[in-house]
Participant: 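Handing you a structure now.
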Amino acid sequence: MKETPQHNLGLDLVRVTEAAALAAARWMGRGAKEEGDGAAVDAMRISFNSVDIRGRVVIGEGEKDHAPMLYNGEEVGSGHGPEMDLAVDPVEGTRLLAHGRPNAIAVVSMAPRGTMYDPGPAFYMNKLVGPAETSGVLDIRAPVAENLRQAARALGKDVDDLVVFVLDKERHSGLVAEIRQAGARIQLHTDGDVAGALMAVMPGTGIDLMMGTGGTPEGVLAATAIRVMGGEMQGMLDPQSMEEEAALLANGYAMDRVLTCRDLVASDDVFFVATGITGGSFLDGVVFTGKGARTSSMVMRGHTGTIRYIEAHHTFDRLMRISAIDYD
């Protein structure tokens, strides 16, 4: 039997990312990434109170001792409704925000309780991400040149047509050399791990693949969106210190295991919401108008496969009469 339309929690979550983006955008280009992130955390935490879920933060700002709000394990939501796991990043790309660079976003992903991968002590993950056409042809364990050849064949391109998103980190010097030797082109980005994965699976961004090691939490956030949009994502835990490796081994994490989207988020009933803070490749940033602001968001619902783009116009004199968040 066909279902009647159900309440879309993603449309509630967009108010959460909008609040974070509006608060953070006041700090764009001011060189104060902690202050911008803190403003977004405060706004996001308050906004969660209006969402009818019994939510648990699986991926947040860190452990409770270092993150007074939106810490790993914190309960959020109204306390009514379904039990859900949440991954939150109030500012994905704090340095991008601090320096006024593109692609800083506010992000929330959500899945039924117990279905979201808990990274625990795993801070870093090697990732390979491509659009739906590359599904089944990529292998993160294969040489870089082989993956580029396979991706080019799947996309109907030559290798030298490809553009690969890579984080501009010292650890990627060898990867960059291999990509260049194979003949593909590179976009180097200082930050923006989630944005890079989305750009690799979305048409029209100019990015064909994402390669390299970034945050494990960001990998889970990206996997939620890729489950909705379609695409190929593979990851392997890649500790960047002896301490991280020891913690992974002590907690039973397998570093030779290839993690797919379905391993990172074991449900199709997922939600992914992002609001642009600084303008970027797939979302406009916050624009202040003097009387208010304009925000651009994307809302994904896995159950239906629906992806919405929402432009919202916020009028501060009215909003501030009822809001506990100071957007001025």
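Numbering starts at 1 and runs along the sequence shown.
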Participant: Are the side chain of Arg30 and the backbone of Glu35 linked by a donor-acceptor contact shorter than 3.5 Å?
Facilitator: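 Not a single qualifying donor-acceptor pair exists.
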Participant: Kindly determine whether Val57 and Arg45 satisfy side-chain contact (heavy atoms from CB on, under 4.5 Å), including the steps that lead there.
Facilitator: CA-CA 11 Å; Val57 177; Arg45 181 65 182 84; over 6 Å; no
Participant: Testing the basics here: between Met229 and Met202, what is the closest heavy-atom pair and its distance to 0.1 Å?
Facilitator: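 Scanning both residues completely, I find the closest heavy atoms to be SD-CG, 3.7 Å.
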Participant: Report yes if the side chains of Val176 and Leu188 come closer than 4.5 Å at any heavy-atom pair, otherwise no.
Facilitator: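 Val176 vs Leu188: side chains touch.
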Participant: Within the distance-only criterion (no hydrogens, no angle test), does the side chain of Asp37 pair as donor or acceptor with the backbone N or O of Glu34 below 3.5 angstrom?
Facilitator: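 Not a single qualifying donor-acceptor pair exists.
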Participant: Could you work out, with side chain to side chain contact (heavy atoms under 4.5 Å, CB included) as the rule, every residue matching Met236, not counting sequence neighbours?
Facilitator: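 Counting only residues at least two positions away or on another chain, Met236 forms a side chain to side chain contact (heavy atoms under 4.5 Å, CB included) with Ile140, Arg141, Val258.
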Participant: Using modelled atom types and a 3.5 Å cut-off, is there a donor and acceptor pairing between side-chain atoms of Arg54 and backbone atoms of Gly81?
Facilitator: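 Yes; judged by distance alone, with no hydrogens or angles, the pair exists.
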Participant: Would Glu170 and His172 count as a side-chain hydrogen bond (donor to acceptor under 3.5 Å, both in side chains) here? Give the steps.
Facilitator: CA-CA 5 Å; Glu170 185 177 347; His172 287 148; over 6 Å; no
Participant: So Pro90 and Leu70, do their side chains get closer than 4.5 Å, heavy atoms only?
Facilitator: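 Leu70 reaches Pro90 side chain to side chain.
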Participant: Is it the case that one hydrophobic cluster holds both Ile59 and Val16, taking links as side-chain heavy atoms less than 4.5 Å apart, direct or via other members?
Facilitator: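 No, no single cluster joins them.
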Participant: Are the side chains of Ile226 and Phe272 in touch, meaning some heavy atoms are under 4.5 Å apart?
Facilitator: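 Ile226 vs Phe272: side chains apart.
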Participant: How far apart are the closest heavy atoms of Met84 and Pro112, and which atoms are they?
Facilitator: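 Reported closest heavy-atom pair: CE-N, 3.8 Å.
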Participant: Give every residue pair that meets the ring pair (Phe, Tyr, Trp, His ring centres under 6.0 Å) criterion with at least one member in residues 196-253, sequence neighbours excluded.
Facilitator: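 Every pair satisfying ring pair (Phe, Tyr, Trp, His ring centres under 6.0 Å) with a residue in residues 196-253: there are none.
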Participant: Does anything in residues 198-217 form a ring pair (Phe, Tyr, Trp, His ring centres under 6.0 Å)? List the pairs, not counting sequence neighbours.
Facilitator: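 Non-adjacent pairs meeting ring pair (Phe, Tyr, Trp, His ring centres under 6.0 Å): zero.
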Participant: So which atom in Ala182 and which in Leu148 form the shortest heavy-atom distance, rounded to 0.1 Å?
Facilitator: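 Of all heavy-atom pairs spanning Ala182 and Leu148, the closest is CB-CD1, 3.6 Å.
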Participant: How many angstroms lie between atom CG of Leu221 and atom CD of Glu92, to the nearest 0.5 angstrom?
Facilitator: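 Leu221 atom CG to Glu92 atom CD measures 7.5 Å (nearest 0.5 Å).
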Participant: Could you grab the distance from atom OG1 of Thr289 to atom CZ of Arg294, nearest 0.5 Å is fine?
Facilitator: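 Separation between the atoms: 8.5 Å.
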Participant: Which other residues end up in the same hydrophobic cluster as Met242, if Ile, Leu, Val, Met, Phe, Trp and Tyr are linked when side-chain heavy atoms come under 4.5 Å apart?
Facilitator: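 Grouped by the 4.5 Å side-chain rule, Met242 forms a cluster of one, so the answer is none.
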Participant: About how many Å separate CG of Leu283 and CG of Leu198, when rounded to the nearest 0.5 Å?
Facilitator: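 One finds 8.5 Å between CG of Leu198 and CG of Leu283.
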Participant: Would you indicate whether the side-chain heavy atoms of Met298 and Ile310 approach each other to under 4.5 Å?
Facilitator: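 Sidechains of Met298 and Ile310: no contact.
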Participant: Specify the closest pair of heavy atoms between Thr190 and Arg95, including all atoms of both residues, with the distance to one decimal.
Facilitator: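 Closest approach of Thr190 to Arg95, heavy atoms only: O-NH2, 3.8 Å.
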Participant: Name all pairs fulfilling the side-chain hydrogen bond (donor to acceptor under 3.5 Å, both in side chains) condition that reach into residues 269-288, sequence neighbours left out, sorted by first residue then second.
Facilitator: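 Every side-chain hydrogen bond (donor to acceptor under 3.5 Å, both in side chains) pair that includes a residue of residues 269-288, provided the two are not neighbours, is Thr17-Thr275, Thr275-Ser297.
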Participant: Walk me through whether Arg149 and Glu146 qualify under salt bridge (Lys or Arg N to Asp or Glu O under 4.0 Å).
Facilitator: CA-CA 5 Å; Arg149 283 193 294 271; Glu146 177 62 20; 2.8 Å; yes
Participant: Enumerate, atom names and distances included, each donor-acceptor pair closer than 3.5 Å involving a side-chain atom of residues 116-123, sequence neighbours excluded.
Facilitator:
residue: Asp118; atom: OD1; partner: Gly120; partner atom: N; Å: 3.0

Participant: Excluding sequence neighbours, so at least two apart, what forms side-chain hydrogen bond (donor to acceptor under 3.5 Å, both in side chains) with His99?
Facilitator: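 His99: no side-chain hydrogen bond (donor to acceptor under 3.5 Å, both in side chains) contacts found.
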Participant: Give me the atom names and distance for the closest heavy-atom approach of Cys261 to Met233.
Facilitator: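 Closest approach of Cys261 to Met233, heavy atoms only: SG-CB, 3.6 Å.
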Participant: What distance do Phe271 atom CZ and Leu13 atom CG have between them, rounded to the nearest 0.5 Å?
Facilitator: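 Output value for this atom pair is 7.5 Å.
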Participant: Taking the side chain as every heavy atom from C-beta outward, state whether Arg301 and Arg308 have any pair of such atoms under 4.5 Å apart.
Facilitator: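 The answer is no; the side chains never approach within 4.5 Å.
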Participant: On the ring face of Phe288, is Arg26 found with NZ or CZ under 6.0 Å from the centre and within 45° of the axis?
Facilitator: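 Yes, a cation-pi geometry.
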Participant: Decide yes or no for Leu237 and Arg257: does some side-chain heavy atom of the first lie under 4.5 Å from some side-chain heavy atom of the second?
Facilitator: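 They are not in side-chain contact.
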Participant: Applying ring pair (Phe, Tyr, Trp, His ring centres under 6.0 Å), which residue pairs with at least one partner in residues 193-249 are found, sequence neighbours left out?
Facilitator: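 Counting only pairs at least two positions apart or across chains, no ring pair (Phe, Tyr, Trp, His ring centres under 6.0 Å) contact touches residues 193-249.
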Participant: Indicate every side-chain donor-acceptor pair of residues 124-132 with a distance under 3.5 Å to a residue at least two apart or in another chain.
Facilitator:
residue: Lys127; atom: NZ; partner: Asp193; partner atom: OD1; Å: 3.1
residue: Lys127; atom: NZ; partner: Asp193; partner atom: OD2; Å: 2.8
residue: Lys127; atom: NZ; partner: Gly215; partner atom: O; Å: 2.6

Participant: In the single-linkage hydrophobic clustering (I, L, V, M, F, W, Y; side-chain heavy atoms under 4.5 Å), do Val287 and Phe316 co-cluster?
Facilitator: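 Not linked; separate clusters.
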Participant: What about Ile46 and Trp27, same hydrophobic cluster or not, with Ile/Leu/Val/Met/Phe/Trp/Tyr joined at side-chain heavy-atom distances under 4.5 Å?
Facilitator: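 No, Ile46 and Trp27 fall in different hydrophobic clusters.
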Participant: Do Met69 and Asp42 have side chains that get closer than 4.5 Å, going by heavy atoms?
Facilitator: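 Sidechains of Asp42 and Met69: in contact.
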Participant: Does a sphere of radius 6.0 Å around CE in Met28 hold more than 12 heavy atoms from other residues, nucleotides or ligands, not counting ones at 6.0 Å or beyond?
Facilitator: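 Atom CE in Met28 is not crowded, with 12 or fewer foreign heavy atoms closer than 6.0 Å.
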Participant: Compare all side-chain heavy atoms of Val273 with those of Val107 and state whether any distance is below 4.5 angstrom.
Facilitator: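 The answer is no; the side chains never approach within 4.5 Å.
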Participant: Any chance you could measure Met211, atom CE, to Ile179, atom CD1, to the nearest 0.5 Å?
Facilitator: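 Going from the CE atom of Met211 to the CD1 atom of Ile179 covers 5.5 Å.
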Participant: Per the side-chain hydrogen bond (donor to acceptor under 3.5 Å, both in side chains) rule, what does the pair list look like for residues 174-187, sequence neighbours excluded?
Facilitator: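 For residues 174-187, and leaving out neighbouring residues, the side-chain hydrogen bond (donor to acceptor under 3.5 Å, both in side chains) pairs sorted by first residue read Gln187-His189.
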Participant: Hydrophobic clusters here meaning ILVMFWY residues chained together by side-chain heavy-atom distances under 4.5 Å, can you tell me if Val220 and Leu86 are in one?
Facilitator: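 Hydrophobic grouping puts Val220 apart from Leu86.
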Participant: Are Leu96 and Val194 joined in one hydrophobic group, where the rule is that I, L, V, M, F, W and Y side chains link up if heavy atoms are under 4.5 Å apart?
Facilitator: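 No, separate clusters.
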Participant: Show me the pairs that pass side-chain hydrogen bond (donor to acceptor under 3.5 Å, both in side chains) and involve residues 224-238, at least two apart or across chains.
Facilitator: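 Counting only pairs at least two positions apart or across chains, the side-chain hydrogen bond (donor to acceptor under 3.5 Å, both in side chains) contacts touching residues 224-238 are Ser109-Thr224, Thr213-Asp238, Arg227-Asp268, Glu232-Gln234, Asp238-Gln240.
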Participant: Output, in order, the C-alpha distance, side-chain angles, deciding distance and verdict of side-chain contact (heavy atoms from CB on, under 4.5 Å) for Met110 and Asp85.
Facilitator: CA-CA 6 Å; Met110 188 167 69; Asp85 285 342; over 6 Å; no
Participant: Where is the tightest heavy-atom contact between Asp52 and Ser78, given as atom of each residue plus distance?
Facilitator: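 Looks like OD1-OG, 2.7 Å.
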Participant: Heavy-atom count around Arg262 CZ within 6.0 Å, excluding the residue itself: above 12?
Facilitator: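 No, because the 6.0 Å sphere around CZ of Arg262 holds 12 heavy atoms or fewer from other groups.
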Participant: Are the side chain of Thr205 and the backbone N or O of Met199 linked by a donor-acceptor pair below 3.5 Å?
Facilitator: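 Checking the backbone N and O of Met199 against the side chain of Thr205, a donor-acceptor pair under 3.5 Å is found.
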Participant: If you round to the nearest 0.5 Å, how far is OG1 of Thr134 from CG of Asn147?
Facilitator: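 The CG atom of Asn147 sits 9.5 Å away from the OG1 atom of Thr134.
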Participant: Taking Tyr71's backbone N and O only, do any of them form a donor-acceptor pair with Glu74's side chain (distance below 3.5 Å, no angle check)?
Facilitator: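 Yes, because the side chain of Glu74 sits within donor-acceptor range (under 3.5 Å) of the backbone of Tyr71.
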Participant: Would you give me the side-chain donor-acceptor pairs under 3.5 Å for residues 153-168, sequence neighbours excluded?
Facilitator:
residue: Arg153; atom: NH1; partner: Gln150; partner atom: OE1; Å: 3.1
residue: Lys157; atom: NZ; partner: Asp208; partner atom: OD1; Å: 2.6
residue: Asp161; atom: OD2; partner: Asp158; partner atom: N; Å: 2.9

Participant: Give a yes or no answer on whether the side chain of Asn103 reaches the backbone of Ala195 with a donor-acceptor pair at less than 3.5 Å.
Facilitator: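 Looks like no, no N/O pair under 3.5 Å.
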